[in-house]
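Atoms within a ligand are numbered from 1 in the order they appear, just like the ligands themselves.
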Amino acid sequence: MAQTMQAAVVHSFTEPLRLEEVAKPEPGIGEVVVKIEASGLCHTDIHAAHGDWPVKPKLPLIPGHEGVGIVEMVGAGVTEVKEGDRVAVPWLGYACGTCRYCVSGWETLCEQQLNTGYFLDGGYAQYAKAYARYVGKVPKGVDPMAAAPLTCAGVTTYKAIKVSGARSSDLVAIFGIGGLGHLALQYAKIAGATVVAVDLVDEKLELAKKLGADYTVNGLKEDPVEAIKKLGGADAAISVAVAPKAFEQAYRSLRRGGTLVFVALPADNYVQLPIFETVLNGIKIVGSIVGTRLDLAEVFDLHAAGRTQVIYEKRHLEDVNRAFEEIEKAQVPARLVFEM
Ligand code: NAD
Ligand code: ZN
Ligand code: ZN
């Protein structure tokens, strides 16, 4: 008799997720089955469940791309990991390995890629199947509950700070202190930058202060553009707020030569930015999508070395719909992690 497992499943973009018994996956060639211990809730999972983006996920879908757990079964030909290893199952679930992007260390741009919790079933379940080549090894000393948010929120913002070019003399503005933002500000500090944290919720800004932000701005009480310009303007601004308005403010908060990094993916897909000022001020705008396997390994190493703090609260998978609502209303400190 085929084995089953519990999973949270999206059947339609307009209905809540359903907790169901579904078939437990079996590993194919090059694949592993991971017994999930912890599974982070990324805002992307909400976009996926709502069908917010121009490219729609598969349905039915088991969301989740911050699943962390123990390899329980390995398929034929797997050499990368073995039974008993703790691994993370990230957004980049598969890439071809041979295209110009893959061979140049940009597998996150591979056109053949498959994304976990979008085109492949993800971590909102007791077990998840994954391609062994694309799981991240979780080092000893990294707790699975903390490893989960690092698997997307961590690697994504670590990469965003890298591509921003931020260095010690820079002022870096982080727009949105949610799951991603609370880690973005720590990576900016690790790069040596001075950090301004912007959000609309005071509790998020208090957390930002505790995590090392030098300045905070509540965008409902103060104009972030003016506040940041008063500090000289940002050398880099990272937009991890789910609102086009924050992208526009981040743009206008830059000093000449500054870099704006697009990271958040609001359903409302467009921003209005001026051409003239972009040209005359030598502004750079760059999109940043998650991070590579190397970036993820670096993120885990930094955490194992005690250099980052992951702020999360635990939830049960049965409460997935309530958890989505909490995130949409910005009612939680940073990340929610389902304990399996
Ligand atoms: P989150 O809900 O945890 O955090 C968003 C934060 O933005 C909240 O703290 C909220 O209060 C704040 N915010 C909302 N409007 C704001 C505004 N106008 N100004 C300032 N702050 C504002 O979400 P998250 O999980 O951190 O994800 C953020 C976004 O990043 C989502 O759209 C997600 O899909 C996207 N994402 C992108 C990548 C990528 O690779 N580019 C990876 C992961 C997530
Ligand atoms: Zn994510
Ligand atoms: Zn490729």
Side-chain angles (χ1 to χ4, degrees), residues 40-48 50 52-53 63-67 90-92 94-118 122-123 134 148-160 163 173-184 197-205 207-208 216-220 222-225 237-250 253 261-269 286-291 295 311-312 323-324 326-336:
L41 192 179
C42 179
H43 206 119
T44 289
D45 305 334
I46 301 177
H47 295 309
H50 292 173
D52 276 347
W53 295 341
H65 53 275
E66 288 188 349
W91 174 255
L92 189 72
Y94 170 85
C96 81
T98 55
C99 71
R100 62 187 297 155
Y101 305 109
C102 283
V103 298
S104 61
W106 281 98
E107 69 259 32
T108 48
L109 301 183
C110 177
E111 293 185 49
Q112 310 293 320
Q113 73 182 271
L114 296 172
N115 301 117
T116 309
Y118 211 80
Y134 290 89
L150 293 173
T151 301
C152 178
V155 73
T156 298
T157 54
Y158 178 70
K159 186 64 155 192
V163 305
I174 312 291
F175 280 75
I177 307 299
L180 267 63
H182 93 285
L183 284 157
V198 183
D199 205 289
L200 308 178
V201 180
D202 282 334
E203 289 75 20
K204 305 243 181 201
L205 298 170
L207 174 66
T216 59
V217 180
N218 184 324
L220 291 179
E222 208 183 339
D223 179 5
V225 177
I238 317 292
S239 189
V240 281
V242 194
K245 186 179 175 194
F247 286 68
E248 291 167 4
Q249 290 174 331
S253 74
V261 187
F262 280 16
V263 179
L265 293 155
D268 184 356
N269 195 21
V286 54
S288 191
I289 177 74
V290 292
D295 295 319
I311 307 299
Y312 64 87
F324 274 23
E326 288 180 89
I327 293 292
E328 286 181 294
K329 292 184 180 157
Q331 286 168 341
V332 299
R335 225 16 159 205
L336 293 180

- prompt: Looking at ligand 1, does any of its N/O atoms fall within less than 3.5 Å of an N/O of Phe175?
  reply: no
- prompt: Do other residues, nucleotides or ligands put more than 12 heavy atoms under 6.0 Å from Gln331 CD?
  reply: yes
- prompt: Among Thr44, Asp199, Thr108, whose heavy atom sits nearest atom 10 (C) of ligand 1?
  reply: Asp199
Residue, atom name and distance, where the atom is the protein heavy atom closest to atom 30 (O) of ligand 1: Ala264 CA, 3.3 Å
message: Less than 4.5 Å apart, side chain to side chain, heavy atoms only: is that true for Asp45 and Phe324?
response: yes
query: Can any side-chain N or O of His182 pair as donor or acceptor with the backbone N or O of Ile311 at less than 3.5 Å?
result: yes
task: Indicate yes or no: at least one non-hydrogen side-chain atom of Tyr118 is less than 4.5 angstrom from one of His65.
output: no
task: Specify side chain, backbone, both or neither for Glu328, according to which of its non-hydrogen atoms lie closer than 4.0 Å to ligand 1.
output: neither
field: Trp91 and Thr44, any side-chain heavy atoms less than 4.5 Å apart
entry: yes
statement: heavy-atom search around atom 3 (O) of ligand 1 in the protein gives Gly179 N, 2.9 Å
task: Confirm or rule out an N/O/S atom of His43, from backbone or side chain, lying less than 2.8 Å from the Zn ion (ligand 2).
output: no
task: Supply the atom-to-atom distance Ser239 OG to Phe175 CZ, rounded to the nearest 0.5 angstrom.
output: 7.5 Å
message: So, regarding Val242 and ligand 1 (criterion: nitrogen or oxygen to nitrogen or oxygen, under 3.5 Å), is there a contact or not?
response: no
statement: d(Leu92 CG, Thr116 OG1) to nearest 0.5 Å is 7.5 Å
field: Contact atoms of ligand 1, heavy-atom distance to Lys204 under 4.0 Å
entry: 9 (O)
query: Are any of the side-chain heavy atoms of Thr216 and Asp202 separated by less than 4.5 Å?
result: no
- line: the protein heavy atom lying closest to atom 31 (C) of ligand 1 turns out to be His47 NE2, 3.6 Å
query: Do Ile238 and Val263 have side-chain heavy atoms sitting under 4.5 Å apart?
result: yes
message: Checking contacts here: is it the side chain or the backbone of Leu180 that comes within 4.0 Å of ligand 1, counting heavy atoms only? Could be both or neither.
response: both
query: Starting from atom 40 (O) of ligand 1, which protein heavy atom do you reach first, and at what distance in Å?
result: Val290 N, 2.6 Å
- request: Could you label the plane-to-plane angle of the Phe247 and Phe262 rings as parallel, tilted or perpendicular, counting under 30° as parallel and over 60° as perpendicular?
  value: perpendicular
- request: Could you tell me if any non-hydrogen atom of Arg335 lies under 4.0 Å from any atom of ligand 1?
  value: yes
field: Shortest reach to atom 2 (O) of ligand 1 by a heavy atom, considering only His43, Lys245, Glu248
entry: His43
- prompt: Which ligand 1 atoms are under 4.0 Å away from a heavy-atom of Ile177?
  reply: 9 (O)
task: Could you tell me whether some N/O pair between Ala330 and ligand 1 is separated by less than 3.5 angstrom?
output: no
field: Closest approach of any protein heavy atom to atom 22 (C) of ligand 1, naming residue and atom
entry: Ala241 CB, 3.4 Å
query: Do any nitrogen or oxygen atoms of Leu265 lie less than 3.5 angstrom from nitrogen or oxygen atoms of ligand 1?
result: yes
query: Do Arg335 and Cys42 come close enough that some side-chain heavy atom pair is under 4.5 Å?
result: yes
- request: For atom 5 (C) of ligand 1, find the nearest protein heavy atom and state the residue, atom name and distance (0.1 Å precision).
  value: Val240 O, 3.8 Å
- request: Please state whether Trp53 comes within less than 4.0 angstrom of ligand 1, counting heavy atoms only.
  value: yes
- request: Please state whether Cys152 comes within less than 4.0 angstrom of ligand 1, counting heavy atoms only.
  value: yes
task: Provide the number and element of each atom of ligand 1 under 4.0 Å from a heavy atom of Thr156.
output: 38 (C), 39 (C), 40 (O), 42 (C)
- prompt: Does the side chain of Leu150 reach to within under 4.5 Å of the side chain of Tyr158, using non-hydrogen atoms?
  reply: no
- line: atom 37 (C) of ligand 1 has as its nearest protein heavy atom Val263 O, 3.0 Å
message: Suppose I only count heavy atoms of Ile327 and a 4.0 Å limit; which atoms of ligand 1 are within that range?
response: 2 (O)
- prompt: Do the side chains of Glu66 and Pro149 get nearer than 4.5 Å, heavy atoms only?
  reply: yes
query: Quick one: does Gly219 get within less than 4.0 Å of ligand 1, heavy atoms only?
result: no
query: At the Zn ion (ligand 2), what angle lies between atom SG of Cys152 and atom NE2 of His65, rounded to 10 degrees?
result: 110°
- request: List the closest protein heavy-atom neighbour of atom 4 (O) of ligand 1: residue, atom name, distance to the nearest 0.1 Å.
  value: Gly178 CA, 3.3 Å
field: Distance (rounded to the nearest 0.5 Å) between Ile327 CD1 and Leu41 CG
entry: 5.5 Å
- line: Separation between CD (Glu326) and CD (Glu328), nearest 0.5 Å, reads 11.0 Å
